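Would you mind keeping the following structure in view while I ask a few things?
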Amino acid sequence: MSALALLGSLGGPGAPADPTLEDKFQSVHSTTYYRKDGNFQFQDIVIEYKLKTSKENSETIEAYMGNPNDISYNSKTGVVSGQITQMEDTFQTNSVVFSYSDYTKIFKFILTFKKNGKIISVREITSTPPNAPAIPPNAITLPTISYETKRSVSYSGGIPTEYQFIYVKFQAGSDLSAFKRLDAYMGRPNIITMAADNYNVLNYIKVSIYDKYAGYFLFITPEVNASYKIIVVGSTDDAKGNRSVDTVPPPPPASPCAGSVTAPATIGNCATHCLVVDLVGNQMEYIAKTSVGTNTEEYLYLDSTSSTVGGTTGPAGFSYIEHFSPIGMSTYQTDPRSFDVTTYNNACVVLSSYLVQEGPGGFRDTYLTSKVIVP
């Protein structure tokens, strides 16, 4: 499927088809595009939607297309009838794309939210057909394009969903003032392609109109590890052209356990302040140590604690020692703390220790922390 010029659009969120159903949709929007392939003239209708909450694994979005007087939803049977075709948002792009070979027709769409195959929410929307544009006969070279990708997490109802954001930009300083149309199309690298007229795009997934104020085309997809081909199509009053670029998904975020050490390990210098970590069978044990080399220290405090990389309380309890003058020359350490690695679910643990000394040399403190791999 593909599209060309944005010429038809129905505003508004669409209306719930039956008040007895749940209202899962925040908004529904229909946009139509004209496309010519050989002697055939198509309309591509993009149904875009937003949900009030994130979908669960058992929930799907399916849209039905039909003539306005034929298609309907029966609330008693829970069945849509009279449709010409139906499509599911298989790739979770928050949109469904339909094509029809008569670009002058008006269609009604019934968008359904299904749980375990049963319709629990419905929205209806009617499309507006596009007008056929004149295709410029001559070719023009578009400015060079580039792209940037990043990952972003969105929360809905406290549930996180990660998305891939793709920004497609023209070369800095490009003069775009003569272009009457600038659209970008995203698709699978081996499927999306230009039509024979070198103006329409076939088999795309999503389309984006150039935002001249932001200076880019924007695509948002939940497929954070997917690569795409982006085709940018532009036209002036008397010429047309296109550019394409193949994207690479953004790298995954660094592991929260990056930089962890493996037990047994000594963190710091035990001549001054250290954490000693050992692994005996299924038990990971650690203590904090320090050495006092004079008999003039007046105060000594030393502790050890554990936590998760997320900052919550760790698997082993807090331990500390505190001494006041007189403090003899010796090695001091906290009581050992340990935990069973087979019952700890995280890949690493954060171990920390705080040391305070006070004497003739004044107040001194040090803080040690390190992540340790939990096998």
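Not measured: the values here are computed from a predicted model. Heavy atoms only: backbone and side chains are in, while hydrogens, waters and symmetry mates are out.
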Inset, instruction - Going by the side-chain contact (heavy atoms from CB on, under 4.5 Å) test, name the single residue among Ile191, Thr193, Asp183, Val46 that passes it with Tyr204. - result: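 Of the listed residues Ile191, Thr193, Asp183, Val46, the side-chain contact (heavy atoms from CB on, under 4.5 Å) partner of Tyr204 is Val46.
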
Inset, instruction - Without swapping roles, check the side chain of Lys371 against the backbone of Pro256 for a donor-acceptor pair under 3.5 Å. - result: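 Checked: pair present.
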
Legend entry - Greater than 12 external heavy atoms within 6.0 Å of Asn345's CG: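 For Asn345, atom CG is not crowded (no more than 12 foreign heavy atoms under 6.0 Å).
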
Inset, instruction - Compute the centroid of each ring, for Tyr34 and then for Tyr103, and state whether the two points are separated by less than 6.0 Å. - result: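 Centroid distance Tyr34-Tyr103: below 6.0 Å, so yes.
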
Inset, instruction - Taking all non-hydrogen atoms of both residues into account, name the closest pair between Arg243 and Pro143 and its distance. - result: NE-O, 3.4 Å

Legend entry - Side-chain donor or acceptor of Ser353 paired with backbone N/O of Asp303 under 3.5 Å: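 Flag set: sc Ser353 to bb Asp303 pair under 3.5 Å.
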
Legend entry - Which atom of Asp340 lies closest to which atom of Thr342, heavy atoms considered: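 That would be OD1-OG1, 2.7 Å.
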
Legend entry - Under-4.0 Å salt bridge between Asp23 and Arg123: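 Yes, this pair counts.
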
Legend entry - Residues Glu59, Lys118; criterion salt bridge (charged side-chain N to carboxylate O under 4.0 Å, His left out); working and verdict: CA-CA 9 Å; Glu59 298 170 336; Lys118 179 182 178 182; over 6 Å; no

Inset, instruction - Nearest 0.5 Å please: distance from the CD1 atom of Ile230 over to the CZ atom of Phe217. - result: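 Answer for the CD1-CZ pair, Ile230 versus Phe217, is 10.0 Å.
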
Inset, instruction - Please determine, by modelled atom types, if Asp335 and Tyr320 share a side-chain donor-acceptor pair under 3.5 angstrom. - result: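 No, Tyr320 and Asp335 have no side-chain donor paired with an acceptor closer than 3.5 Å.
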
Legend entry - Asn242 and Ser244: side chain donor to acceptor below 3.5 Å: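 No pair is found: no donor N or O on one side chain lies under 3.5 Å from an acceptor on the other.
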
Inset, instruction - Kindly assign one of parallel, tilted or perpendicular to the pair His323 and Tyr332, based on the angle between their ring planes and the thresholds 30° and 60°. - result: tilted

Inset, instruction - Determine whether Asp211 and Leu218 make a side-chain contact, defined as any pair of heavy atoms from C-beta on separated by less than 4.5 Å. - result: no

Legend entry - CD1-CG distance between Ile47 and Asn94, expressed to the nearest 0.5 angstrom: 13.5 Å

Inset, instruction - For Ser255 and Cys257, indicate whether the former's side chain and the latter's backbone hold a donor-acceptor pair under 3.5 Å. - result: yes

Inset, instruction - Could you grab the distance from atom CD of Glu322 to atom CG of Leu300, nearest 0.5 Å is fine? - result: 9.0 Å

Inset, instruction - Considering non-hydrogen atoms only, spot the tightest contact between Val349 and Ser306 and give its length. - result: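 Where Val349 meets Ser306 most closely, the heavy atoms are CG2-CB, 4.2 Å.
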
Legend entry - Donor + acceptor pair across side chains of Ser99, Arg35 (<3.5 Å):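 Result is yes, a qualifying pair exists.
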
Legend entry - Check: Thr308 side chain, Thr312 main-chain N or O, donor-acceptor pair, under 3.5 Å: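 Checked: pair present.
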
Legend entry - Minimum heavy-atom distance between Ser370 and Ile267, given as atom pair plus value: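 Nearest heavy atoms, Ser370 then Ile267: CB-CD1, 3.5 Å.
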
Inset, instruction - Could you tell me whether the side chain of Asn74 and the main chain of Gly78 form a donor-acceptor pair under 3.5 Å? - result: no

Legend entry - Salt-bridge contact Glu148-Lys169 (side-chain N to carboxylate O under 4.0 Å):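 Salt bridge between Glu148 and Lys169, a charged N being under 4.0 Å from a carboxylate O: yes.
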
Inset, instruction - Please test Tyr228 against Asp246 for side chain to side chain donor-acceptor pair (under 3.5 Å), starting from the C-alpha separation and ending with a verdict. - result: CA-CA 6 Å; Tyr228 298 98; Asp246 292 317; over 6 Å; no

Legend entry - Backbone of Pro136 reached by a side-chain donor or acceptor of Lys240 within 3.5 Å: yes

Inset, instruction - Output yes when a side-chain donor or acceptor of Asn67 lies under 3.5 Å from a complementary backbone atom of Asn69, and no otherwise. - result: no

Legend entry - Approximate separation, where rounding is to 0.5 Å, of Lys108 NZ and Ser30 OG: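 The distance works out to 13.0 Å.
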
Inset, instruction - Apply the test side chain to side chain donor-acceptor pair (under 3.5 Å) to residues Tyr199 and Ser235: give CA-CA distance (whole Å), side-chain angles for both, the deciding distance (0.1 Å), then the verdict. - result: CA-CA 9 Å; Tyr199 191 62; Ser235 64; 3.2 Å; yes

Inset, instruction - Please confirm whether the backbone N or O of Thr104 pairs with a side-chain atom of Tyr100, one donor and one acceptor, at under 3.5 Å? - result: no

Inset, instruction - For residues Asn346 and Val374, determine if any side-chain heavy atom of one lies less than 4.5 Å from a side-chain heavy atom of the other. - result: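 Not in contact.
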
Inset, instruction - Would you mind checking if Glu223 and Arg188 are paired as a salt bridge, meaning a charged N to carboxylate O distance below 4.0 Å? - result: yes

Legend entry - With sequence neighbours excluded, residues passing side chain to side chain donor-acceptor pair (under 3.5 Å) with Asn225: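 With sequence neighbours excluded, Asn225 shows a side chain to side chain donor-acceptor pair (under 3.5 Å) to Arg151, given in chain and number order.
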
Inset, instruction - Heavy atoms only: give me the nearest Ile220-Phe165 pair and the separation to one decimal. - result: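 Taking Ile220 first and Phe165 second, the nearest heavy atoms are CD1-CE2, 3.6 Å.
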
Enumerate, atom names and distances included, each donor-acceptor pair closer than 3.5 Å involving a side-chain atom of residues 277-291, sequence neighbours excluded.
residue: Thr290; atom: OG1; partner: Thr272; partner atom: O; Å: 2.5
residue: Ser291; atom: OG; partner: Cys270; partner atom: O; Å: 3.4

Inset, instruction - Establish, for the pair Lys206 and Phe219, whether the NZ or CZ atom is under 6.0 angstrom from the six-membered ring centre and no further than 45 degrees off its axis. - result: no

Inset, instruction - From the options Tyr64, Phe109, Phe107, select the one residue that forms a side-chain contact (heavy atoms from CB on, under 4.5 Å) with Phe98. - result: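 When side-chain contact (heavy atoms from CB on, under 4.5 Å) is applied between Phe98 and each of Tyr64, Phe109, Phe107, only Phe109 qualifies.
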
Inset, instruction - Using atom types as modelled and distance alone, determine if a side-chain donor or acceptor of Gln41 lies under 3.5 Å from a backbone N or O of Asp102. - result: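 No; zero donor-acceptor contacts below 3.5 Å.
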
Inset, instruction - Please lay out, stage by stage, how Thr236 and Asp238 fare under the test side chain to side chain donor-acceptor pair (under 3.5 Å). - result: CA-CA 5 Å; Thr236 62; Asp238 56 4; 3.3 Å; yes

Inset, instruction - Determine the sole option in Ile166, Val168, Ile231, Val207 for which the side-chain contact (heavy atoms from CB on, under 4.5 Å) test with Met186 is passed. - result: Ile166

Legend entry - Within residues 349-375 or reaching into it, pairs that qualify as ring-ring contact (aromatic ring centres under 6.0 Å, His included) - sequence neighbours excluded: none

Legend entry - Sub-4.5 Å side-chain heavy-atom contact between Thr149 and Pro249: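 The answer is no; the side chains never approach within 4.5 Å.
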
Inset, instruction - Pick out which of Glu298, Glu358, Glu297 makes a salt bridge (Lys or Arg N to Asp or Glu O under 4.0 Å) with Arg364. - result: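 Result for salt bridge (Lys or Arg N to Asp or Glu O under 4.0 Å) with Arg364: Glu297.
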
Inset, instruction - Give the ring-plane orientation class for Phe40 versus Phe42, where under 30° counts as parallel, over 60° as perpendicular and anything between as tilted. - result: tilted

Inset, instruction - State plainly whether the residues Lys52 and Glu22 are in salt-bridge range, i.e. N to O under 4.0 Å. - result: no

Inset, instruction - Identify whether the distance between the nearest side-chain nitrogen and carboxylate oxygen of Glu56 and Lys115 falls below 4.0 Å. - result: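 So Glu56 pairs with Lys115 through a salt bridge.
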
Legend entry - Close side-chain approach of Leu182 and Leu176, heavy atoms under 4.5 Å: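 Yes, their side chains come closer than 4.5 Å.
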
Inset, instruction - Report the distance from atom OG of Ser304 to atom CG of Leu355, rounding to the nearest 0.5 Å. - result: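 Spacing of OG (Ser304) from CG (Leu355) equals 12.0 Å.
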
Inset, instruction - Would you confirm whether Tyr147, through its side chain, and Val248, through its main-chain N or O, come within 3.5 Å as a donor-acceptor pair? - result: yes

Inset, instruction - Would you indicate whether the side-chain heavy atoms of Ile145 and Gln171 approach each other to under 4.5 Å? - result: no

Legend entry - Atom pair OG (Ser352) and CG (Leu368), whose distance is rounded to the nearest 0.5 Å: 8.5 Å

Legend entry - Worked check of side-chain contact (heavy atoms from CB on, under 4.5 Å) between Ile110 and Ile71: CA-CA 8 Å; Ile110 297 179; Ile71 190 170; 3.7 Å; yes

Legend entry - Any side-chain heavy-atom pair of Lys24 and Ile120 under 4.5 Å: yes

Legend entry - Geometric class of the Phe324/Tyr299 ring pair [parallel <30°, tilted 30-60°, perpendicular >60°]: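 The rings of Tyr299 and Phe324 sit tilted, inter-plane angle from 30° to 60°.
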
Inset, instruction - Specify the closest pair of heavy atoms between Lys105 and Pro129, including all atoms of both residues, with the distance to one decimal. - result: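 That would be O-CB, 3.6 Å.
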
